[in-house]
Each structure stands twice: as C-alpha cells, then as structure tokens.
Amino acid sequence: MLFFLGLKDDILVLPAKTKFLVQFLVALSVILSSNLTINNLYGFLGIYQINEFLSVVLTVFVFILVINAYNLIDGIDGLAGIIAICFLIFTAVIFYCSKNTAMCIITLTLLGSIVAFLKYNLSKKDKIFMGDTGSMIVGFLLAFLTINLLTIKQVIILNATYEINPILMISLLFYPLIDTARIFFIRIFIYKKSPFKADKNHIHHRLLELNFKHWQVSVFVGIVTLILSTLSILIDDLNIHFQLLIIVILGTTFFSIPQLIQKKRQLMLSSLRKGMFFLIATLAFISATSCSSKKDLLYFQNGKKNAIEDNRILDQKIETNDILSIKIVSLDIESSRIYNIDLLNGITSGTVNPEIIKINGYLVNDEGFITLPVLGQLKVNDKTTRELELFLSKKLMNDGHLKEPTVTVRLLNSKLTVLGEVRQPGTFTFYEKNLTLLQAIGMAGDLTINGERKDVLLIRYENNTKTINHIDLTTTDWMSSNLFYVKQNDVIIVNPNNAKIKSAGIIGNAGTLISVFSLLLTGFLLIKN
C-alpha cells in the first residue's frame with residue numbers, strides 16, 4: 001500500500017489528506033493484525049500502563065508521525081539514508097543482545113539495502129533518489145522497529161544492563177522530529193501557509209547556504225544523532241523527564257548552530273572591523289604592562305642622604321656540626337705550636353681547597369664537644385666564637401700552659417644558599433663574620449632582569465625557629481635592621497617578577513598573542529572567502 005501510494009505521489013503529487021488516510025489504514029492494519037502497540041509510557045508525565053484504546057491511538061500516531069517526519073527530511077543527497085543507518089545500527093545491536101532474531105534480521109536487511117542505496121544516492125553519475133516511495137516505506141519500517149524496541153524492557157550490552165525507554169527512540173529520530181516541528185511552526189505561524197507546502201526552510205537547507213556540501217551536511221547530522229543516542233543510553237538511570245530535557249537541549253543546540261551562524265555572520269564581521277582598533281590598543285596595553293618598568297629594576301630608589309644605622313652581627317652561638325678554626329699564639333712561639341693543628345697540612349699545590357681546610361678543622365660533635373691538642377675535650381656549643389676565645393685564653397693562662405696567649409676562633413663552614421632569579425644560584429661558603437645581604441647576592445652573580453626586587457625572601461633559623469623575612473631591595477629601610485647582615489645557613493630566594501611569570505604560559509607575551517591572533521584572523525578570512 002505504501003509502495004503504490006509513494007509511487008503515485010512521486011508521479012502525480014497526491015494531496016496530504018489522501019496520504020494521511022492511507023498511512024492511517026496501513027498503521028491500523030498492522031496494529032490489529034499483530035497486536036503491536038505502545039501500552040506503557042515508562043513514567044512519562046507519571047503515566048505507566050495505558051488502556052487498549054489509548055495504546056492503539058498512540059501507536060497509530062507514532063506510525064504517522066515517523067513516516068511523515070522521515071519523508072520531510074529527504075531533501076538532500078544522503079541525509080535520509082545516513083539517519084536510517086544510525087538508527088538501524090543501534091537497533092540491530094539491541095535486538096541482537098536481547099536475542100530477538102526476527103527483528104535483528106529485518107534490521108540488518110534494511111541496513112544493507114540503505115548502504116547499497118547510498119552508493120548511488122551520493123554518486124555524481126549514476127544517481128538515484130529515495131523519493132516518496134522509498135522514504136514512506138523506510139519511515140514505516142523505522143516506526144515499526146521503534147515500537148518493537150519499546151517492548152524490550154532491559155538489554156545487556158558488554159556486561160552492562162541498560163533500560164530501554166522512549167528517550168532512546170526520540171534520540172535516534174531527533175533530527176526528523178525537531179526539523180518537522182520547526183518547519184510546521186515556521187509555515188503555520190510565520191508564513192501563514194499550509195504546513196505541507198514544500199519550501200527551503202529545513203535545517204539542512206540552512207547548512208547548504210553556509211556552502212557545505214550535501215554529504216557534509218548528512219555526516220554532520222549523522223554524527224549528532226549518534227552522540228545523542230549514545231548519551232541517552234548512558235543516562236538511562238536518570239529520571240525520564242530529566243533525560244528528555246538533556247536530549248532536547250543538546251539536540252536543539254546542535255541543530256540550531258547553522259541558523260545562528262547565518263544570522264550572526266554579518267554581525268560578527270561588522271563587530272570584527274569595529275573592534276580591530278580596540279583590540280590593537282588592548283594588545284599594546286598588555287604589551288606595555290607585561291614589560292618590566294624602571295621602578296621594578298632599580299635598587300634603593302628611596303635612598304636617604306642621612307646615615308643608616310649599622311647593626312653588625314657581634315657573634316653567633318657555636319652549634320653542632322660547626323667546623324672551627326682555632327689558632328693559638330703567645331710570646332713564645334715554639335711553646336704555642338703544640339696547641340695548634342696545621343689546616344694546610346697535605347696541600348702541596350699553590351691552590352688552597354676550602355674543603356681540605358674544613359677536614360683539618362675542629363668538628364663540633366653531637367654532644368657539643370671538640371678535642372684540642374694538649375687541652376683535650378672542651379664543650380663549646382654553649383658559647384659564641386668570641387666567648388670561646390676568652391675561655392681558651394683564660395684556661396691557657398690559669399692552667400700554666402702559656403703566658404699572654406692570643407686565641408682566634410673562626411667558623412670554617414658558614415654557608416648560605418641563594419636560589420631563584422639570580423645568575424648563579426647555589427650554596428656558598430663564607431668566612432667573614434659580617435657578610436652583608438648585598439655581598440651574598442653578589443656571590444650569586446646578582447639578580448637577573450626577571451628577579452622580583454620588591455620581595456626578596458630571607459629564610460633564617462634562630463633559636464630553633466625558622467622565620468621568613470620579606471625584603472624590598474628598591475628601598476633602604478631594611479638596611480638598618482638585622483637583615484642587612486646574613487647569618488650562617490640563611491637562605492635567600494629571589495622570585496620571578498610579573499613579566500617573567502606572564503611569559504611562562506602557553507601564550508607568553510604580547511608578541512606571541514598578536515601572532516596567534518593574526519593567524520586566527522587570516523584563517524577566518526580565508527575560510528570566509
């Protein structure tokens with residue numbers, strides 16, 4: 001019946017009423033002969049089982065809706081065929097996994113027929129069209145398979161159980177349904193004409209106006225259909241109304257893109273031209289602000305002419321693992337020689353290795369003792385170097401060892417660490433009792449141009465407490481504090497400035513940003529033209 005109806009419509013163009021009548025009779029005959037109906041709404045609008053009469057009415061409506069929606073989208077090469085293929089792939093898998101052999105064979109037979117048809121439908125020489133004859137028969141079979149799918153409650157695919165509900169059917173046939181609803185709305189409410197009068201307001205026509213080819217439009221619609229159908233299966237555990245909302249929003253968004261692009265094309269080009277000056281000015285501003293200014297680079301910008309108070313470090317407490325150099329001399333040089341060790345022992349070349357000097361020094365053990373020649377073990381970790389000098393001098397005189405001895409104590413392993421944006425970061429040894437912060441930075445080769453001069457960190461360990469101090473090298477205020485001189489084991493950290501941080505990203509600076517923008521603009525203009 002549908003074959004001859006479509007054949008006559010292709011030749012003579014039948015009125016819509018005649019086609020609806022035949023489609024109604026076909027649907028009703030199938031329903032009455034097979035008892036195939038939709039008798040469950042799966043909780044949609046709170047409805048589950050419906051009575052026999054309503055199920056027949058609903059099933060007839062689905063047949064007529066799917067047949068005509070599918071017929072209406074047959075406007076360009078490949079579109080109807082690709083949508084049918086997407087539908088049939090999903091249904092074949094479901095029928096196979098549910099062990100419904102008869103429906104699986106029907107599905108695969110139709111799938112093979114449409115694949116063969118597409119070869120000629122997309123051909124440039126030996127071209128054939130689906131026409132009303134083919135679209136009504138295929139549309140009828142899609143509706144028939146849809147209703148059969150709804151009789152399957154659950155299906156196990158790859159060891160996972162999925163619920164089959166009407167949302168999957170809506171996803172598979174989303175393009176025909178949304179395009180039909182859109183066309184009917186435009187024709188009835190905007191153009192005030194019969195909804196069955198052909199025009200070029202379909203979504204695929206809008207895509208063709210954007211210079212896409214027939215096969216490109218068809219593939220785009222097919223991909224969106226597969227995405228929506230896969231998503232509907234993955235969200236089958238959600239509320240059915242929420243599932244429908246997600247599919248409708250995403251599907252409408254995907255298929256509205258062509259119309260939005262078409263309406264906004266001129267506006268985008270106009271806005272692009274108007275915004276060029278503003279964009280260039282903005283990029284120039286970014287370029288200027290991303291560079292380091294004079295205020296970021298100069299030291300001591302608020303230099304004071306008056307004297308700055310000097311807070312020298314008088315002495316530090318000797319600690320465990322310190323290495324000491326102790327030199328004892330007196331009026332009788334020969335008598336004082338036995339109280340000393342030769343720090344340069346074993347050095348034959350002219351170059352003095354500081355590490356060898358440390359090896360020959362006095363190591364303060366874990367209990368805070370050192371062992372001196374003649375004097376034996378002495379506790380030193382409770383004294384400063386100056387206090388140790390006075391203690392040794394008194395001991396040598398009081399015990400009758402030497403007359404008027406002179407004792408000099410120095411730390412051999414005083415270290416500081418400089419990290420970050422300096423030319424030579426590392427750990428440095430110093431022997432001075434009062435080494436300034438500026439000298440320490442100088443040992444590391446000074447700050448690079450990318451160093452943050454306004455916030456240099458000084459980490460100091462004192463009295464079993466670690467403190468983090470922030471120093472602004474562009475001022476002189478800190479020079480009168482105890483931060484001006486470094487102490488043993490201080491750590492100086494120079495963080496990168498804003499210009500360095502900005503240059504560390506994927507688009508590191510304004511020049512790169514301008515290059516990327518130019519590339520995008522060139523590509524856009526080439527595509528447009």
Side-chain angles (χ1 to χ4, degrees), residues 292-325 354-355 357-358 361 364 383-388 408-501:
S292 299
S293 66
K294 182 178 179 181
K295 293 182 178 180
D296 296 326
L297 299 178
L298 298 182
Y299 296 112
F300 315 134
Q301 297 173 34
N302 67 335
K304 300 176 182 178
K305 293 183 179 179
N306 55 317
I308 298 174
E309 182 181 353
D310 190 9
N311 291 314
R312 289 181 179 270
I313 299 174
L314 297 178
D315 227 331
Q316 296 185 70
K317 287 282 185 181
I318 298 172
E319 299 177 357
T320 299
N321 293 324
D322 280 349
I323 299 176
L324 304 179
S325 164
E355 297 303 318
I357 295 178
K358 293 177 186 178
V364 181
K383 302 176 178 62
T384 65
T385 54
R386 179 56 182 165
E387 291 171 346
L388 181 57
T408 304
V409 179
R410 291 287 183 269
L411 284 173
L412 294 178
N413 63 333
S414 293
K415 292 182 179 180
L416 63 90
T417 302
V418 186
L419 303 173
E421 288 293 333
V422 292
R423 300 188 188 280
Q424 296 176 349
T427 299
F428 304 91
T429 300
F430 65 96
Y431 303 106
E432 296 87 344
K433 183 178 292 187
N434 289 283
L435 183 74
T436 68
L437 177 69
L438 298 176
Q439 289 174 320
I441 294 175
M443 294 169 67
D446 196 10
L447 277 66
T448 67
I449 195 172
N450 295 315
E452 177 55 71
R453 286 156 172 76
K454 293 185 177 181
D455 190 19
V456 174
L457 303 182
L458 176 62
I459 302 175
R460 176 166 290 172
Y461 182 80
E462 288 182 309
N463 301 322
N464 296 322
T465 303
K466 296 181 179 67
T467 59
I468 300 178
N469 306 279
H470 297 263
I471 301 172
D472 185 355
L473 294 182
T474 62
T475 70
T476 58
D477 299 336
W478 61 277
M479 298 180 71
S480 58
S481 70
N482 62 351
L483 302 178
F484 184 70
Y485 291 98
V486 297
K487 294 184 178 181
Q488 182 182 1
N489 297 322
D490 279 356
V491 178
I492 302 168
I493 299 177
V494 181
N495 289 318
N497 57 22
N498 289 333
K500 177 67 173 180
I501 294 173

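With sequence neighbours excluded, no residue satisfies side-chain hydrogen bond (donor to acceptor under 3.5 Å, both in side chains) with Asn495. The side-chain hydrogen bond (donor to acceptor under 3.5 Å, both in side chains) search around Asn489 returns none, not counting sequence neighbours. Legend: residues meeting side-chain hydrogen bond (donor to acceptor under 3.5 Å, both in side chains) with Thr408, ordered by chain and number and at least two apart, are absent. For the side-chain contact (heavy atoms from CB on, under 4.5 Å) test, residues two or more places apart in sequence or in another chain that qualify with Thr427 are Lys415, Thr417. Not a single side-chain hydrogen bond (donor to acceptor under 3.5 Å, both in side chains) links Glu319 to another residue, sequence neighbours left out. Asn469 is linked by a side-chain contact (heavy atoms from CB on, under 4.5 Å) to Leu458, Arg460, Thr467, Leu483, counting only residues two or more places apart in sequence or in another chain. Partners of Arg410 according to the salt bridge (Lys or Arg N to Asp or Glu O under 4.0 Å) rule, which considers only residues two or more places apart in sequence or in another chain, are Glu389.
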Val364 and Leu324: CA distance, side-chain angles, deciding distance, side-chain contact (heavy atoms from CB on, under 4.5 Å) verdict: CA-CA 8 Å; Val364 181; Leu324 304 179; 4.2 Å; yes
Stepwise side-chain contact (heavy atoms from CB on, under 4.5 Å) check, Thr384 with Ile318: CA-CA 5 Å; Thr384 65; Ile318 298 172; 5.9 Å; no
side-chain contact (heavy atoms from CB on, under 4.5 Å) between Asp446 and Val422, intermediate numbers included: CA-CA 6 Å; Asp446 196 10; Val422 292; over 6 Å; no
Full working for side-chain contact (heavy atoms from CB on, under 4.5 Å) between Leu416 and Leu435: CA-CA 10 Å; Leu416 63 90; Leu435 183 74; 3.4 Å; yes
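The shortest heavy-atom contact between Val486 and Leu437 is CG1-CA, 3.8 Å. The minimum heavy-atom distance between Gln424 and Met443, with the atom names listed, is OE1-O, 4.2 Å. Nearest heavy-atom pair, Pro425 versus Leu419, reported as atom, atom and distance to 0.1 Å: CB-CA, 4.2 Å.
Side-chain contact between Leu473 and Lys454: absent, with no pair of heavy atoms (C-beta onward) separated by less than 4.5 Å. Inter-residue side-chain proximity for His470 and Val456 is flagged as unmet; no heavy-atom pair is nearer than 4.5 Å. At a threshold of 4.5 Å between non-hydrogen side-chain atoms, the residues Leu457 and Ile492 do not count as touching.
For the atom pair Phe484 CZ and Thr436 OG1, the distance stands at 5.0 Å (nearest 0.5 Å).
For the side chain to side chain contact (heavy atoms under 4.5 Å, CB included) with Leu447, the lone residue among Glu452, Glu421, Arg453 that qualifies is Arg453.
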